[in-house]
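Shown next, in structure tokens, is the structure this report addresses.
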Amino acid sequence: MSAGLVGVTAPAASAAVPLRVQILMFDGVEEQDFIAPVEVLGLAGKLTGGAVATSLVAAGRPGPVKCTYGTVVEVPRGWSPGEADVLVVPGGGYTDRNGPGVHRLNADQGFLRRLAASRALPVGICTGTMVLSAAGLTKGRNATTHNGAKADLASQGAKVIDARVVDDGDLITGGGITAGLEVSLWLVERFLGAKAAQRAEVVLEYERRGTVWRA
């Protein structure tokens, strides 16, 4: 599948041509930020017979990642933008500039250059949007992030939208923490169709809330 299909309104993924999603992992990542897409997209893949293939990938070297609240996750491989249609960037650690979290990613210029050059659809969840911003992907674009980072996002040139999910075509961003559920369900709807998203909601026993803003 190609991320060039980002403007589609009908289902664009199938078991024969699955949507390949990589979820970026790093020390300090917020648990809920990455668990939401793992749960929702994993379920969507199961319900559709494999129309979504989701994997956790390390921003740095593969191995154990220690999350915000101490959860340790073994991440088997590094990220490979050329093998993904969608790259989900969670947030975490934004209030501690000297600790683990997104600030360390933002300080890695080599990583940011690779991120900026990636052809995968970038999806920022919570302060993961600030990583996309550091790579220059949100400048002049409609985007959102956690309430505590919106002023910073605006100061870096984004057009901040007060919405749970902001779909700006080839850039998708979400609000704080639990908004990852809405972002993930929106990805299901956008690439697999509304029926698939509704089926996932029924199984999850979760009703989406807030606004999906579309360009």
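Predicted model, so just to flag it, every value in this text is computed and none were measured.
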Without hydrogens or angle criteria, can the side chains of R164 and T178 be said to hold a donor-acceptor pair below 3.5 Å?
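Side-chain D/A pair, R164 to T178: present.
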
Restricting to ring pair (Phe, Tyr, Trp, His ring centres under 6.0 Å), what partner residues turn up for Y94, sequence neighbours left out?
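Per chain and number, Y94 pairs via ring pair (Phe, Tyr, Trp, His ring centres under 6.0 Å) with H103.
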
Using the test ring pair (Phe, Tyr, Trp, His ring centres under 6.0 Å), find all partners of W79 that sit at least two apart in sequence or belong to another chain.
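Ring pair (Phe, Tyr, Trp, His ring centres under 6.0 Å) list for W79, sorted by chain: F111.
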
Smallest separation among heavy atoms of [X] and [Y], with atom names:
X    : Y    : value
P62  : P76  : CB-O, 3.5 Å
T145 : T127 : OG1-CA, 3.6 Å
P18  : G50  : CB-O, 3.3 Å
A197 : R208 : CB-NH2, 3.7 Å
F34  : P90  : CB-CG, 3.9 Å
T54  : G42  : OG1-N, 4.3 Å

Give a yes or no on whether the backbone of [Y] and the side-chain of [X] come within a donor-acceptor separation of less than 3.5 Å.
X    : Y    : answer
S184 : G180 : yes
S14  : V17  : yes
N142 : D168 : no
T211 : W213 : no
E182 : R209 : yes

Could you tell me whether the side chain of [Y] reaches within less than 4.5 Å of the side chain of [X], counting heavy atoms only?
X    : Y    : result
R77  : S55  : yes
F191 : V21  : no
L24  : V88  : no
Q198 : V202 : yes
V29  : C67  : yes
V188 : T48  : no
M130 : T138 : no
T68  : Q32  : no

So how far is it from [X] [atom1] to [Y] [atom2], rounded to the nearest 0.5 Å?
X    : Y    : atom1 : atom2 : value
K159 : K139 : NZ    : NZ    : 12.5 Å
T144 : L153 : OG1   : CG    : 7.5 Å
D170 : L121 : CG    : CG    : 7.5 Å
N98  : R104 : CG    : CZ    : 9.0 Å
D152 : T129 : CG    : OG1   : 12.0 Å
L137 : L132 : CG    : CG    : 5.5 Å

[X] with [Y], same ILVMFWY side-chain cluster at under 4.5 Å:
X    : Y    : result
I177 : L105 : no
I161 : L171 : no
V166 : I172 : no

Which residues satisfy the salt bridge (Lys or Arg N to Asp or Glu O under 4.0 Å) test with R199, sequence neighbours excluded?
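Residues passing salt bridge (Lys or Arg N to Asp or Glu O under 4.0 Å) with R199: none at all.
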
Run the numbers on R20 and E83 for salt bridge (Lys or Arg N to Asp or Glu O under 4.0 Å), then give the verdict.
CA-CA 7 Å; R20 302 169 301 167; E83 298 176 5; over 6 Å; no

Answer yes or no: does atom CD of Q156 have more than 12 heavy-atom neighbours from other residues, nucleotides or ligands under 6.0 Å?
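Yes, because the 6.0 Å sphere around CD of Q156 holds more than 12 heavy atoms from other groups.
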
Can you tell me which residue among V212, V165, T173 is in a side-chain contact (heavy atoms from CB on, under 4.5 Å) with V183?
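Filter result, single survivor: V165.
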
Going through the distances and angles, do E30 and I125 end up as a side-chain contact (heavy atoms from CB on, under 4.5 Å)?
CA-CA 10 Å; E30 181 91 23; I125 293 176; over 6 Å; no

Ionic contact status for D108 with R114, cut-off 4.0 Å
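Judged by the 4.0 Å cut-off on N to carboxylate O distance, R114 and D108 do not form a salt bridge.
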
